[in-house]
Protein chains: 2
Amino acid sequence: MLGNPYDRDCPTRQLLDRIGDQWTVLIVGALRAGPLRFTQVGKRVEGISQKVLTQTLRSLVRDGILVRTAYPVIPPRVEYELTPLGRDLAEPLDMLDRWARHHMDQVTAARAAFDAEHTPASA
Amino acid sequence: MLGNPYDRDCPTRQLLDRIGDQWTVLIVGALRAGPLRFTQVGKRVEGISQKVLTQTLRSLVRDGILVRTAYPVIPPRVEYELTPLGRDLAEPLDMLDRWARHHMDQVTAARAAFDAEHTPASA
DNA sequence: CAGTATCCCCGATGATACTG
DNA sequence: CAGTATCATCGGGGATACTG
């Protein structure tokens, strides 16, 4: 049960629960280049809804990955930025990114081959 | 990094769609040590249901991350093993694992601090 | 043993509307 | 601009039962 690196309470599982959703990874990636305002993040991460953006941003702040800075001006200006911890996390995430760029074509090829194999075209 | 790596068609997004669910990461991790039988994988990855295990295994085979070997014996014996591509993927995944082990306590602390801050209990 | 087939539920996500 | 609030949906995933 416990003690096994794959059981429910291990750090890896917990991290996975956090970064498991692609939004987190994408947001952290988007912020690597520097702070961004709420709307800017939303634009970089295409397809994310406002609600989910808000939720994800908030939980990343909660986890110490991002800092939120609200400037008391009108209209409101809020910026999100990676913390040192966040920048730290960005590194392994970047490795994944590199892997994707280097190997996704292999995955695509494997997928096509598998589908061909399992799709009796000449039925 | 290239132009805008965050749009829907970029390799990163595609990879995330695959490894986004924690099961994939856990299964690949479990197989790093060597081939495992269906049931063995299920035991290593606690909490996964048989259905999801089957589904995840199948899609990993489809993507060329794993190979499935069925021995024609009774009772059936099926083994799953990382392909070279899979072993390749295991590396960046391992980085994430290391990060988790080294930093999850910081995340936990940040989380507690945030919650305390946002819990108007004491005043 | 290693799956496949079903039913079912819940919670994450999207769409929409409103506000400081 | 940067959120919050509410509702409806959709399907991933669990539990269970059956099979080669």
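By convention in this document, chain letters (A, B, ...) are assigned in the order of the sequence lines, proteins followed by strands, and residues within each chain are numbered from 1.
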Anything under 3.5 Å between a protein N or O and an N or O of nucleotides 17-19 of chain C, put it in a table, one pair a line.
none

Salt bridge (charged side-chain N to carboxylate O under 4.0 Å, His left out) partners of [X], counting only residues at least two apart:
{"X": "B/Arg111", "result": "A/Asp63"}
{"X": "A/Arg62", "result": "B/Asp115"}
{"X": "B/Arg87", "result": "none"}
{"X": "A/Arg98", "result": "A/Asp94"}

Set of side-chain contact (heavy atoms from CB on, under 4.5 Å) partners for A/Pro35, sequence neighbours left out: A/Glu79, A/Glu81
Test side-chain contact (heavy atoms from CB on, under 4.5 Å) applied to A/Thr56 - qualifying residues, sequence neighbours left out: A/Asp21, A/Trp23, A/Thr24, A/Ile27, A/Val52, A/Leu60
Closest nucleotide among D/dA2, C/dA2, C/dT4 to the A/Phe38 side chain: D/dA2
Consecutive Watson-Crick or G-U pairs in runs of at least 3, all under 3.5 Å, in which DNA chain C is involved: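 Looking at DNA chain C, the stems formed by three or more consecutive pairs are C:1-20 with D:1-20.
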Members besides B/Ile74 in its Ile/Leu/Val/Met/Phe/Trp/Tyr cluster (side-chain heavy atoms under 4.5 Å): none
Close residues, residues 64-76 of chain A, relative to DNA chain C [heavy-atom separation under 4.0 Å]: A/Pro76
Can you check nucleotides 10-13 of chain D for protein contacts, nitrogen or oxygen pairs under 3.5 Å, and list what you find?
unit_1	atom_1	unit_2	atom_2	d
D/dG13	N7	B/Lys51	NZ	3.1

Where at least one partner belongs to residues 51-102 of chain A, residue pairs that pass ring pair (Phe, Tyr, Trp, His ring centres under 6.0 Å), sequence neighbours excluded: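 As it turns out, the ring pair (Phe, Tyr, Trp, His ring centres under 6.0 Å) pairs with a partner in residues 51-102 of chain A, which skip direct neighbours, are A/Trp99-A/His103.
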